[in-house]
Amino acid sequence: MKKMLLGFILLFAQVLFAQDPNSRVKFEPFRAKPGQEITITYNPEGSPLAGKKDIKAVVYTYENYVWQVNDLAFKEEKGIWKANIKLSNTCGMLSVKFKSGELEDTNNDFSFTQMLIDDTGRFAPGGYAGWGLMRAANFGYGVKNYLEKQNISDSAVYFWLNQEISFHPKEASEELSVPFCQALFKMQGEPSLPRVNRVVAFLKKSPTEQNLMRLLSIYQHPLNDKTTSDSLEKVILSTYPSGDLARLKAYQQLNFERDFGKKIELCKAFLKQFPYRDADYTFNEKRMVNYTNVYLSMAIQAMMQKDYACLEALSAELPAVSIPTLYYKCIDIAHKRKDVDDSQLLAPARAMVKRMESFKNQRPVEYWYLSPNEWAVEYEKIFNQNLVLTQIGILRNTGNFEEAMDLANRAQKHFMFKSAMLNNEQALLLDHFKKYDLLQEVLVKSIYENQSSPEMLDLLKKDYIRARGSENGFDTYVSGLKNPELATKELDELKSIMINKALPDWTMKDGTGKTVKFKDLRGKTIVMDFWATWCVPCKASFPGMKLAVEKYKNDPNVVFFFVDTEERSPNYKQEIMQYIKDNNYPFTVLFDNKLPNEKANDEVFKRICKAFTISGIPQKLIIDKNGKLRFITVGFKGSATGLADEISAMIELTKKAE
């Protein structure tokens with residue numbers, strides 16, 4: 001029976017890897033050997049890429065049981081795409097993905113794959129294993145973001161790994177011992193243990209650090225032998241005090257430490273003994289050794305101690321994957337909350353940006369699954385979406401106008417006027433340099449995308465008055481600049497999410513101490529904006545909300561309430577009213593109620609959260625004249641004008657609601 005099954009699988013493999021004359025992809029020679037040059041031909045007809053003129057390709061090769069990812073230099077002739085690739089002498093398998101923008105052709109997730117052959121006519125070392133592991137996402141030995149829907153059975157994984165080890169024992173036995181034992185045990189359970197123990201005996205014959213770590217993995221799973229694994233851990237730690245296991249144990253110790261002072265000391269010792277540059281990324285990823293957590297703890301301490309020189313020094317050694325998190329936590333939040341003066345943030349912010357830029361032309365190991373061209377695209381996305389906008393603001397605020405202008409011009413190529421924050425910064429910089437023609441272009445394009453700010457509207461109004469002598473007709477002029485398709489699309493989306501639910505009754509006091517009752521507001525359209533002083537996105541939406549308030553300032557049937565909630569400071573009421581005054585916001589503030597023995601003033605907001613299954617602020621509610629809730633939105637997607645238009649559209653739909 002087993003022989004029949006094996007014969008069937010081998011026959012299936014032969015059919016599977018026979019070159020289909022109707023396939024979109026041809027490999028020449030069809031059965032290439034390691035070290036050969038092959039030609040790959042792609043015909044996109046009938047694929048998602050049919051008719052595309054910018055087709056690119058990524059090739060995944062399995063070499064020495066390690067995945068390599070690269071781009072293919074394709075050339076097109078009469079709709080057919082060709083590329084040549086020189087295979088390494090250790091390549092056992094290659095697989096190709098074709099792309100055009102966001103579209104991909106992976107043969108419906110079955111891949112376009114070629115398994116190489118050796119001099120005996122069998123599949124070359126790595127061929128069997130690569131084909132099995134590439135399609136087994138749950139084993140974690142494939143390629144991230146490729147064939148992620150493929151998850152072949154445990155028995156299929158076992159078959160391909162067993163073939164690999166059987167035909168290439170010298171190359172594969174150690175390398176594949178752990179996934180082999182895992183697949184074997186998943187397939188057979190307890191009956192597999194004798195063979196698993198034979199793998200253990202084999203690894204013991206060559207007790208290198210890698211093999212000892214492989215043994216440890218097998219003892220932990222599938223053998224679940226805690227006594228032996230604990231004993232082996234002691235041997236490994238004694239023999240390799242600065243090895244992978246020692247790094248794991250040191251990380252676990254600091255990660256579970258709750259005393260922050262002790263945690264920082266452990267972090268310092270960890271980075272000294274196990275510097276990131278020497279770390280084994282694959283081991284770290286599988287064992288969840290997260291250097292970002294270590295650096296973040298160190299950075300938080302530096303911020304707490306106002307040791308910005310320490311933060312700057314730390315920034316210069318960060319892993320690429322850690323930079324967005326640390327920039328946000330240490331730079332972005334402090335800048336937006338104005339907790340720290342930008343002059344103090346400038347040096348560490350520059351250090352982080354410089355560190356990130358050092359990876360631009362050098363793909364970091366954390367992104368090994370991306371080809372160089374894919375990394376170039378991903379790099380621009382990470383850089384622009386996580387660092388550049390705040391960086392421009394810091395540079396402008398500290399008088400580094402030319403540096404800020406260069407960065408803004410570069411970022412605009414990425415955002416294409418779809419970021420209000422960038423548009424605002426670029427407009428202010430152009431105004432500073434008195435480049436009014438370019439400023440006008442930025443203002444108009446920003447209005448078209450509905451990604452503007454009150455400052456930009458003021459600049460546009462100045463230009464309008466300068467050209468026409470008065471501001472008469474300015475609002476009509478601005479409306480005419482907007483993209484009508486965006487407004488229509490937004491209105492349709494809002495109609496689809498409109499609701500009609502009763503709102504819990506409430507009574508609160510405003511900033512003057514006057515009592516405001518929900519039941520007394522019947523007949524009016526109400527906008528309630530729940531916020532708090534500590535909430536950065538809440539306050540970031542206020543310029544847009546100000547535009548909305550000013551639009552309806554002469555409409556007695558529309559009222560806005562900015563409901564302060566979840567505050568813990570003893571003097572929060574005075575602080576809030578001062579904040580509103582300092583920023584010249586024409587807002588009516590309501591204070592959420594604070595119940596006895598509660599730490600925060602959140603009585604009304606808690607009841608609303610429970611009634612509508614929402615949580616967290618900001619939350620904006622639009623209520624109709626009958627006291628029915630019509631819209632719930634967090635609001636503010638980055639554009640003040642966009643938010644004002646969204647709130648206005650909700651108000652108008654609510655007014656018309658029955």
Side-chain angles (χ1 to χ4, degrees), residues 209-210 212-213 216-217 233-334 340 344-360 362-368 375 379 382-383 386-387 391:
E209 182 183 9
Q210 280 188 314
L212 289 175
M213 291 301 296
L216 181 61
S217 293
E233 279 190 356
K234 293 178 182 178
V235 172
I236 297 173
L237 291 171
S238 174
T239 310
Y240 302 100
S242 296
D244 288 339
L245 183 60
R247 184 180 343 120
L248 173 62
K249 293 297 182 182
Y251 175 75
Q252 290 174 338
Q253 183 184 4
L254 71 86
N255 196 42
F256 290 113
E257 179 58 61
R258 292 294 169 258
D259 183 291
F260 191 66
K262 293 179 181 178
K263 187 184 189 78
I264 293 301
E265 292 306 313
L266 291 172
C267 287
K268 290 178 181 177
F270 179 84
L271 291 176
K272 183 176 181 180
Q273 186 176 4
F274 307 105
Y276 170 75
R277 63 180 177 275
D278 299 332
D280 181 337
Y281 170 74
T282 302
F283 177 88
N284 290 345
E285 185 178 45
K286 289 190 178 299
R287 295 289 184 142
M288 293 184 288
V289 177
N290 190 340
Y291 272 75
T292 297
N293 289 341
V294 182
Y295 281 110
L296 183 57
S297 295
M298 298 280 288
I300 289 173
Q301 187 211 33
M303 291 295 288
M304 290 169 59
Q305 296 180 344
K306 300 183 179 180
D307 189 348
Y308 305 110
C310 174
L311 182 60
E312 179 184 359
L314 200 67
S315 301
E317 60 183 67
L318 292 175
V321 73
S322 303
I323 295 172
T325 298
L326 267 73
Y327 191 93
Y328 172 72
K329 295 283 188 181
C330 299
I331 306 298
D332 189 70
I333 292 177
V340 181
Q344 293 175 303
L345 294 175
L346 179 61
R350 271 180 169 158
M352 287 192 206
V353 169
K354 183 179 179 181
R355 177 64 172 169
M356 191 69 219
E357 294 205 277
S358 72
F359 294 106
K360 182 175 182 178
Q362 180 183 344
R363 178 183 54 188
V365 66
E366 297 94 340
Y367 296 91
W368 65 269
W375 165 243
Y379 169 84
I382 293 170
F383 185 81
N386 294 279
L387 282 75
Q391 190 72 8

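For the numbers below, each heavy atom of this structure counts, side chains included, while hydrogens, waters and symmetry mates do not. Being a predicted model, the structure only gives us computed values, none of them experimental.
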Is any side-chain heavy atom of Gln391 closer than 4.5 Å to one of Arg350?
yes

Walk me through it: do Val289 and Gln252 pass the test side chain to side chain contact (heavy atoms under 4.5 Å, CB included)?
CA-CA 8 Å; Val289 177; Gln252 290 174 338; over 6 Å; no

What verdict does the side-chain hydrogen bond (donor to acceptor under 3.5 Å, both in side chains) test give for Arg287 and Ser217, after you've listed the backbone C-alpha separation in whole Å, the side-chain angles of each residue and the deciding distance to 0.1 Å?
CA-CA 10 Å; Arg287 295 289 184 142; Ser217 293; 3.0 Å; yes

Measuring from Tyr281:OH to Lys286:NZ, what's the distance to the nearest 0.5 Å?
10.0 Å

Answer whether the closest heavy-atom distance between the side chains of Tyr295 and Leu326 falls below 4.5 Å.
yes

Is there side-chain contact between Ile300 and Leu296, with at least one heavy-atom pair below 4.5 Å?
yes

Side-chain heavy atoms of Ile264 within contact of Ser297, under 4.5 Å:
yes

Tell me, yes or no, whether the heavy-atom count around Glu366 atom CD, taken from other residues, nucleotides or ligands under 6.0 Å, exceeds 12.
yes

Can you see which heavy atom on Arg247 is nearest to which on Phe270, and at what distance?
O-CE1, 3.4 Å

Supply the atom-to-atom distance Ser322 OG to Asn293 CG, rounded to the nearest 0.5 angstrom.
8.5 Å

Can you find a heavy atom in the side chain of Phe383 that is under 4.5 Å from one in the side chain of Glu357?
yes

How far does CD1 of Ile331 sit from CE of Met303, to the nearest 0.5 angstrom?
6.0 Å

Run Lys249 and Glu233 through salt bridge (charged side-chain N to carboxylate O under 4.0 Å, His left out) and show every step you take.
CA-CA 10 Å; Lys249 293 297 182 182; Glu233 279 190 356; 3.1 Å; yes

If only atom types and distance count, is the side chain of Trp368 paired as donor or acceptor with the main-chain N or O of Arg363 below 3.5 Å?
no

Value rounded to 0.5 Å, distance of CG in Leu266 from CG in Leu271
11.0 Å

Hey, are the side chains of Met356 and Ile382 touching, using non-hydrogen atoms and a 4.5 Å cut-off?
yes

Rounded to the nearest 0.5 Å, how far apart are OH of Tyr308 and CG of Leu345?
6.5 Å

Any carboxylate oxygen within less than 4.0 angstrom of a Lys/Arg side-chain nitrogen, looking at Lys268 and Glu265?
yes

4.5 Å side-chain heavy-atom contact, Tyr328 and Ile333
yes

So, Gln305 side chain and Asp307 main chain: donor-acceptor pair closer than 3.5 Å or not?
no

So which heavy atom on Ala299 is nearest to which on Leu314, and how close?
N-CD2, 3.6 Å

Shortest non-hydrogen contact between Leu212 and Ile236, atoms and distance
O-CD1, 3.7 Å

Heavy-atom nearest pair, Cys267 first then Met298, reads CB-SD, 3.7 Å

Between Phe359 and Trp375, is any pair of side-chain heavy atoms under 4.5 Å apart?
yes

Closest heavy-atom contact between Gly243 and Glu209?
CA-OE2, 3.2 Å

Determine, stepwise, if the pair Tyr251 / Asn290 fulfils side-chain hydrogen bond (donor to acceptor under 3.5 Å, both in side chains).
CA-CA 8 Å; Tyr251 175 75; Asn290 190 340; 4.9 Å; no

Roughly how far apart are Leu245 CG and Leu237 CG, rounded to 0.5 Å?
4.0 Å

Flag, side chain of Arg355 to backbone of Ser315, donor-acceptor distance under 3.5 Å:
no

Just jot down the ring pair (Phe, Tyr, Trp, His ring centres under 6.0 Å) partners of Tyr276, sequence neighbours excluded, or say none.
Tyr291

